[in-house]
Student: 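Before anything else, here's the structure in question.
Residue numbering restarts at 1 for every chain, and letters A, B, ... go by the order of the sequence lines.
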Protein chains: 2
Amino acid sequence: MKIPAYRRIAADLADKIRTGVYRPGDALPAQRELSTRYGVTLMTLRQALQQLRDDGLILQQAGRGTFVAPVQAAYRVDTLRSFVEDLREQGHDVTTEVISVAAEGAGLRLERVRLLGDQPVIHQTSWIPEPYGSRIADENFRRTSLYEALADAGVTIVRASERIVPGLLTEPVAGHLRRPAGEAVFVSERTTYAMDEQPVVVDRAVILGDLMEIRAERAATRLSLQWATAE
Amino acid sequence: MKIPAYRRIAADLADKIRTGVYRPGDALPAQRELSTRYGVTLMTLRQALQQLRDDGLILQQAGRGTFVAPVQAAYRVDTLRSFVEDLREQGHDVTTEVISVAAEGAGLRLERVRLLGDQPVIHQTSWIPEPYGSRIADENFRRTSLYEALADAGVTIVRASERIVPGLLTEPVAGHLRRPAGEAVFVSERTTYAMDEQPVVVDRAVILGDLMEIRAERAATRLSLQWATAE
DNA sequence: GTGTATAACTGTTCTAGAACTCAGTTCTAG
DNA sequence: CTAGAACTGAGTTCTAGAACAGTTATACAC
């Protein structure tokens with residue numbers, strides 16, 4: 001398993017951005033500087049930078065420099081990833097705080113807050129119906145992601161359906177996100193299904209609007225009937 | 001205005017795909033073959049192919065070849081559609097009210113309101129930079145869609161990038177939508193690009209949150225995204 | 001027949017440069 | 001004092017190779 005140099009470099013730079021060695025708005029060292037520092041050609045280094053640019057981590061300006069993208073975390077709807085995976089991909093340091101785990105109805109209710117650095121950005125309530133709920137009730141959800149736990153329990157997720165509307169921040173979620181009520185937020189309702197079309201997770205997430213945005217990229221062939229991407 | 005070789009080549013190949021010289025599923029000539037044919041290095045040719053891959057026109061498989069992407073909707077303008085086409089598809093009666101058409105900056109500024117029945121739901125400001133703006137300045141935008149007008153003017157759109165955030169309704173848009181300020185809305189910013197990566201349309205839309213929602217269906221290999229009316 | 005090397009394709013990664021364009025800055029002539 | 005020219009340092013494009021890695025068909029051995 002050989003990892004190409006440009007991927008190593010991209011991963012290293014993404015890490016440096018995530019850990020704050022290079023902060024949003026900062027200029028990265030010049031391409032020639034970085035290429036000698038990593039001991040590769042300019043060509044190879046540029047391949048690494050392109051990866052970072054595709055992931056939205058950096059902005060390049062001819063004649064000026066390469067800059068770390070400002071912190072507007074993007075929620076790309078064109079992939080089958082969770083919030084957290086999406087954000088990690090973009091070099092963000094995401095942590096999870098478990099507010100409560102409890103049996104509710106015929107299932108398990110999980111209330112979590114996602115933090116970007118110190119700032120809570122997402123309040124998420126997940127309901128996992130039986131028989132899946134009890135299979136994963138003992139997990140430590142601060143360490144393990146819900147999807148990992150379900151995968152470990154032998155549950156294969158095949159599709160998800162999501163509905164997003166804008167809304168206003170209200171109590172008590174406002175308190176969890178440490179923001180005043182009345183701010184603009186996304187409200188996302190998502191249901192995830194197993195192979196037998198049984199719902200596995202029913203999610204409701206409140207997402208801070210000034211810290212998160214939805215980004216969609218569309219290109220000709222990647223679309224099918226209705227703004228659909230095939231990959 | 002110097003056009004880099006790799007863009008010329010990408011445009012040429014895209015054209016050959018669009019006109020059916022290479023048909024969906026076909027293998028393109030090998031990279032080395034194409035590089036000598038166009039008289040450039042393998043590196044330069046690969047830059048051209050990467051552009052086509054980013055636009056979803058081709059698929060590359062190590063050891064097998066480069067293939068024209070299957071689902072052929074390639075370069076059909078109506079696949080890069082927006083709110084209105086999405087809603088019409090769902091059987092809604094969408095009408096357009098043109099608020100103003102004026103030259104602004106180096107381009108054309110178009111302000112429109114979209115109505116669902118009698119109710120205005122979207123306020124949209126479009127800016128079409130030169131040289132595209134003047135080509136379509138004489139259109140009647142109540143009849144003709146912006147994308148139709150551009151297609152008629154010979155502009156080929158290859159991709160669009162969209163950014164959506166939640167917001168609060170403010171004046172003067174609130175007046176156009178006949179709603180009080182302070183309501184929850186989507187704010188969508190969308191830029192549409194031509195083959196040469198030049199922006200063709202820069203859009204900003206304010207969408208009523210209680211009447212519209214975003215729906216996403218995700219499966220392992222496919223995602224569909226559409227604007228829908230809230231129920 | 002059945003397997004398995006291997007040759008000959010394919011795309012992928014990388015080197016070591018050179019020349020170019022773009023955006024600021026600084027110097028200079030008027 | 002200012003307009004413009006020259007300079008500087010950044011990203012961009014390109015050449016001419018070489019080596020690597022995945023895929024497929026075929027020829028040879030069993």
Student: If you draw a 6.0 Å radius around CZ in B:Arg204, do more than 12 non-hydrogen atoms from other residues or ligands fall strictly inside?
Tutor: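 Check fails, neighbour count at 12 or below.
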Student: My understanding is that only residues two or more places apart in sequence, or in another chain, count here; which of them pass side-chain contact (heavy atoms from CB on, under 4.5 Å) with A:Gln119?
Tutor: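 side-chain contact (heavy atoms from CB on, under 4.5 Å) check on A:Gln119 returns A:Val121, A:Arg179, A:Leu208, A:Leu211.
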Student: To the nearest 0.5 Å, what is the distance between OG (A:Ser126) and CD (A:Gln124)?
Tutor: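 Going from the OG atom of A:Ser126 to the CD atom of A:Gln124 covers 4.5 Å.
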Student: Figure out the CD/P separation between B:Gln50 and C:dT13, and round it to whole Å.
Tutor: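 Going from CD in B:Gln50 over to P in C:dT13 covers 10 Å.
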Student: Less than 4.5 Å apart, side chain to side chain, heavy atoms only: is that true for B:Asp203 and B:Thr192?
Tutor: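 Answer no - side chains too far apart.
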Student: Over 60° means perpendicular and under 30° means parallel, so tell me whether B:His176 and B:His123 are parallel, tilted or perpendicular.
Tutor: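 Judged by the thresholds at 30° and 60°, the geometry between B:His176 and B:His123 is parallel.
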Student: Can you tell whether the side chains of B:Arg8 and B:Asp12 come within less than 4.0 Å, N to carboxylate O?
Tutor: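 No.
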Student: With side chains defined as the heavy atoms from C-beta onward, is the minimum distance between B:Trp127 and B:Pro199 less than 4.5 Å?
Tutor: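 Answer no - side chains too far apart.
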Student: Between B:Phe186 and A:Ile164, does a side chain to side chain contact (heavy atoms under 4.5 Å, CB included) hold up when you go through it step by step?
Tutor: CA-CA 10 Å; B:Phe186 284 116; A:Ile164 301 168; 4.3 Å; yes
Student: Below 4.5 Å, heavy atoms only, C-beta onward: do B:Leu169 and B:Val206 meet side chain to side chain?
Tutor: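 SC-SC contact between B:Leu169 and B:Val206 confirmed.
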Student: Counting Watson-Crick and G-U wobble pairs with both distances under 3.5 Å, what is the dot-bracket string for DNA chain C, 5' to 3', using [ ] for crossing pairs and | for pairs to another strand?
Tutor: ||||||||||||||||||||||||||||||
Student: How would you give the extent of chain B contacts on DNA chain D, as first and last nucleotide 5' to 3' within a 4.0 Å heavy-atom cut-off?
Tutor: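 Listing 5' to 3', DNA chain D meets chain B from D:dT13 to D:dT24.
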Student: Which residues, if any, of residues 28-43 of chain B bring a heavy atom under 4.0 Å of DNA chain D?
Tutor: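 Under 4.0 Å from DNA chain D: B:Arg32, B:Gly39, B:Val40, B:Thr41, B:Met43.
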Student: At less than 4.0 Å, is any side-chain N or O atom of B:Arg46 found next to OP1 or OP2 of C:dT12? Yes or no.
Tutor: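 Checking C:dT12 against B:Arg46, a side-chain N or O does come within under 4.0 Å of OP1 or OP2.
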Student: May I ask you to list the residues of residues 59-68 of chain A, by number, that have any heavy atom positioned under 4.0 Å from an atom of DNA chain D?
Tutor: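 Those residues whose heavy atoms fall under 4.0 Å from DNA chain D, taken from residues 59-68 of chain A in numerical order, are A:Gln60, A:Gln61, A:Ala62, A:Gly63, A:Arg64, A:Gly65, A:Thr66.
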Student: I want to check something: taking the side chain as every heavy atom from C-beta on, are A:Val165 and A:Arg163 in contact at a cut-off of under 4.5 Å?
Tutor: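 Of all side-chain heavy-atom pairs linking A:Arg163 with A:Val165, at least one is under 4.5 Å.
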Student: Would you say the side-chain atoms of B:Thr44 pair up with the backbone N or O of B:Val40, donor to acceptor, closer than 3.5 Å?
Tutor: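 Answer holds: no.
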Student: Could you tell me whether the side chain of B:Gln51 reaches within less than 4.5 Å of the side chain of B:Arg7, counting heavy atoms only?
Tutor: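 A side-chain contact exists here, since the closest heavy-atom pair is under 4.5 Å.
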Student: Counting the atoms with a prime plus P, OP1 and OP2 as sugar-phosphate, which does A:Ala5 contact under 4.0 Å by heavy atoms, base, sugar-phosphate, or nothing?
Tutor: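 Sugar-phosphate contact only.
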Student: Mind checking what makes side-chain contact (heavy atoms from CB on, under 4.5 Å) contact with B:Arg64, not counting sequence neighbours?
Tutor: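 For B:Arg64 the side-chain contact (heavy atoms from CB on, under 4.5 Å) partners, ignoring immediate neighbours, are B:Gln61, B:Phe67.
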